Structure formats: C-alpha cells, structure tokens
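Each chain gets a letter, A, B and so on, in the order the sequences are listed, and its residues count up from 1. No hydrogens, no waters, no symmetry mates; every other heavy atom, side chains included, goes into these values. Worth saying up front: this structure is predicted, and the values here are computed from it rather than measured.
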Protein chains: 2
Amino acid sequence: MFKPLDPLLHSQLRLAVMSLLIGLEEADFTFLKEKTASTAGNLSVQLDKLEKAGYISIQKSFRDKRPLTTCKITRKGISAFEAYVENLKKYIE
Amino acid sequence: MFKPLDPLLHSQLRLAVMSLLIGLEEADFTFLKEKTASTAGNLSVQLDKLEKAGYISIQKSFRDKRPLTTCKITRKGISAFEAYVENLKKYIE
DNA sequence: TAAAGTAGTTTATAAAATAAACCTATTTAT
DNA sequence: ATAAATAGGTTTATTTTATAAACTACTTTA
C-alpha cells in the first residue's frame with residue numbers, strides 16, 4: 001500500500017532542487033539558492049548528499065574570477081525522482 | 001514558487017496515517033500499525049504529534065478488556081492535509 | 001586600504017525518525 | 001495455579017536530518 005519514500009528525495013530542499021533540475025538540466029548554486037529560498041549552508045550540504053547518491057553531478061569552475069558551482073541531474077536522479085513521484089501519489093490521492 | 005511544506009505532514013508515517021484517516025474518518029491503533037507497516041513505538045510517537053497539532057483526535061477506551069486507541073481526523077487535519085497536497089504538487093509537477 | 005560583497009564550506013545545534021526496552025493486562029498451555 | 005506467550009501500547013535512548021551560525025577565501029567598491 002504505502003511503499004517507502006526515498007529518504008533522499010523526501011526532504012523539502014532536496015526535492016525542490018531536483019524539481020528545478022529536472023526541468024532545467026543545469027543550474028548554478030546561486031540560482032538554486034534563490035529559487036529555493038534556502039541558506040547557502042543548507043543548500044551546500046543538501047547538494048552534497050544528492051551528489052553522493054549519484055542523483056546530480058556537480059561541476060566546480062570559475063566565472064569572472066569567482067567560484068561557480070554548476071549542478072546537473074543524472075539519469076539515475078531522473079529515475080529516482082520519477083519513482084518517488086509515482087510512489088508519493090499513493091499517499092496523497 | 002516552492003512554498004514551505006507543513007513539517008508535520010511531510011513525514012512518511014504521519015502522512016500515511018493522515019492519508020488513511022482522511023478516507024476512513026476513524027481507525028484504531030492496530031489497524032494503522034498494520035496498514036502503515038510501522039512499529040508500535042514509532043506510531044505512538046507520531047500519533048501524539050498529530051494530536052498535539054490538532055490534526056487528529058484520539059480516544060482511549062477498552063474493547064474485550066483490552067486498551068483500544070481510536071483515531072479520527074479533525075476538520076483542521078483535513079484542511080492541513082489538503083493544503084499540503086496542493087502545495088506538494090508544485091514540487092512534483 | 002578598509003569595508004562590503006560574492007560564493008561558497010565547515011561546524012555546531014536543534015529537531016525528527018526510529019529502535020529498543022519496558023509496562024500492564026490478558027489469554028493459553030502445562 | 002502458574003509460567004509463557006500475546007495484545008496494546010508508552011517511554012527512553014540512539015541515530016539521522018535539517019538548519020543556522022560561523023568561518024574561509026577571494027573580489028570589488030568607496
């Protein structure tokens with residue numbers, strides 16, 4: 001009946017990040033921070049977790065001499081997100 | 001864009017309980033425990049939180065000489081659940 | 001050159017989820 | 001009659017998360 005919800009995705013901030021990335025395919029740290037209205041610290045930690053899970057990939061570079069962190073959803077991340085959504089629907093129908 | 005998700009409902013077990021109660025209007029502890037496949041301890045704690053939030057009401061009585069805990073969703077609980085679902089949809093569309 | 005801003009990371013704290021242990025009473029087997 | 005198992009939970013302890021606060025490193029502006 002109620003299948004377990006992927007704990008990595010069942011988190012407000014991580015879910016919002018994945019939701020953005022699934023539409024955009026690529027986004028930088030500042031963009032994600034603004035769109036999710038999160039603090040930098042929290043976002044940094046949660047992006048780390050998503051990367052360690054293989055749900056996103058993170059590229060670090062420089063733009064205009066400043067650090068630039070770019071995030072991209074992976075195929076694994078897309079499937080995990082889709083599975084999570086299907087699953088979650090059972091809870092809210 | 002992403003409104004905050006009611007932390008009381010954004011929990012796997014509490015959400016499953018509310019999901020059941022919104023359909024049934026009333027259910028006892030054992031039924032909820034079975035349907036949600038949770039441990040008694042966890043369920044006990046989470047029902048307490050839902051009650052303290054005013055989302056459910058809990059009646060304690062006896063059936064066949066044994067303790068019987070019956071839960072019912074409140075009007076407040078119904079609105080909170082509906083608001084949560086509407087909100088959550090923004091994350092998963 | 002000092003102050004303020006950018007782009008983050010690390011560390012510490014608070015809150016949540018979960019499991020393990022416990023409690024009280026009842027039923028069943030010996 | 002009594003020991004063991006079961007029912008129906010609660011309480012306490014431990015682990016995991018989420019979040020905020022503090023910090024780092026560098027750049028730009030006054």
Checklist entry - Phosphate oxygens OP1/OP2 of C:dT9: is one of them under 4.0 Å from a side-chain N or O of A:K33? => result no
Checklist outcome for this item: Per nearest nucleotide of DNA chain D, the residue lying toward the 5' end, A:K65 or A:Q46, is A:Q46
Checklist entry - Which of these nucleotides, C:dT27, C:dG8, C:dA17, is closest to any side-chain atom of A:T69? => result C:dG8
Checklist entry - Do A:E82 and A:N87 come within less than 4.5 Å of each other through their side chains, counting heavy atoms only? => result no
Checklist outcome for this item: Within residues 11-26 of chain B, those residues having any heavy atom closer than 4.0 Å to DNA chain C are B:S11, B:R14
Next on the checklist: Any heavy-atom pair between the side chains of A:F29 and A:L68 that's under 4.5 Å?
Outcome noted: no
Next on the checklist: Please compare A:R66 and A:A40 by the position of their nearest nucleotide in DNA chain C and report the one closer to 5'.
Outcome noted: A:R66
Checklist entry - How close or far is atom P of C:dT18 from atom CG of A:L5, stated in whole angstroms? => result 10 Å
Item to check | Contact check, side chains of A:I58 and A:L50, non-hydrogen atoms, under 4.5 Å | outcome: no
Checklist entry - Under 4.0 angstrom, heavy atoms only, what part of the nucleic acid is A:S44 near: base, sugar-phosphate, or nothing? => result base
Checklist entry - Between C:dT9 atom P and A:L43 atom CG, what is the distance in whole Å? => result 9 Å
Checklist entry - Between C:dA16 atom P and A:H10 atom NE2, what is the distance in whole Å? => result 13 Å
Next on the checklist: Distance check needed: C:dA17 C1' versus B:L8 CG, whole Å only.
Outcome noted: 13 Å
Checklist entry - Once you round it to whole Å, what is the distance between C1' of C:dA7 and NZ of A:K60? => result 9 Å
Next on the checklist: Are A:T39 and A:N42 packed together at the side-chain level, in the sense that at least one heavy-atom pair is separated by less than 4.5 angstrom?
Outcome noted: yes
Item to check | Any side-chain donor near an acceptor of the partner, B:K72 and B:S57, under 3.5 Å | outcome: no
Checklist entry - Contact class for A:S38 (heavy atom, under 4.0 Å): base, sugar-phosphate, or nothing? => result nothing
Checklist entry - Is there side-chain contact between B:C71 and B:L32, with heavy atoms separated by less than 4.5 Å? => result yes
Next on the checklist: What contact category does A:L68 fall into here, base, sugar-phosphate, or nothing, at under 4.0 angstrom with non-hydrogen atoms?
Outcome noted: sugar-phosphate
Cut-off 3.5 Å, no hydrogens considered: what does the side-chain donor-acceptor table look like for residues 8-23 of chain A, sequence neighbours left out?
from	atom 1	to	atom 2	distance (Å)
A:H10	ND1	A:Y84	OH	2.7
A:S11	OG	A:R14	N	3.3
A:Q12	OE1	B:L5	N	3.2
A:Q12	OE1	B:Y91	OH	3.2
A:R14	NE	A:L8	O	2.6
A:R14	NH1	A:Q46	OE1	2.5
A:R14	NH2	A:P7	O	3.0
A:S19	OG	B:Y91	O	2.9

Checklist entry - Would a 4.5 Å heavy-atom cut-off, applied to side chains only, mark B:L88 and B:F2 as touching? => result no
Item to check | Value in whole Å for how far the C1' atom of C:dA7 lies from CD of A:E34 | outcome: 12 Å
Checklist entry - Under a criterion of less than 4.0 angstrom to any heavy atom of chain B, what are the 5'-terminal and 3'-terminal contacting nucleotides of DNA chain D? => result D:dA7 to D:dT11
Next on the checklist: Under 4.0 Å, heavy atoms only, any strand: does B:K49 hit a base, just the sugar-phosphate, or nothing?
Outcome noted: sugar-phosphate
Checklist outcome for this item: Taking every heavy atom of B:A80 against every heavy atom of B:D6, the minimum-distance pair comes out as CB-OD2, 4.2 Å
Checklist outcome for this item: Separation of C:dA17 atom P from A:D6 atom CG, nearest Å, is 16 Å
Item to check | No-hydrogen, no-angle side-chain donor-acceptor test under 3.5 Å, A:T69 and A:K60 | outcome: yes
Next on the checklist: What is the distance, to the nearest angstrom, from the CG atom on A:N42 to the C1' atom on C:dT10?
Outcome noted: 14 Å
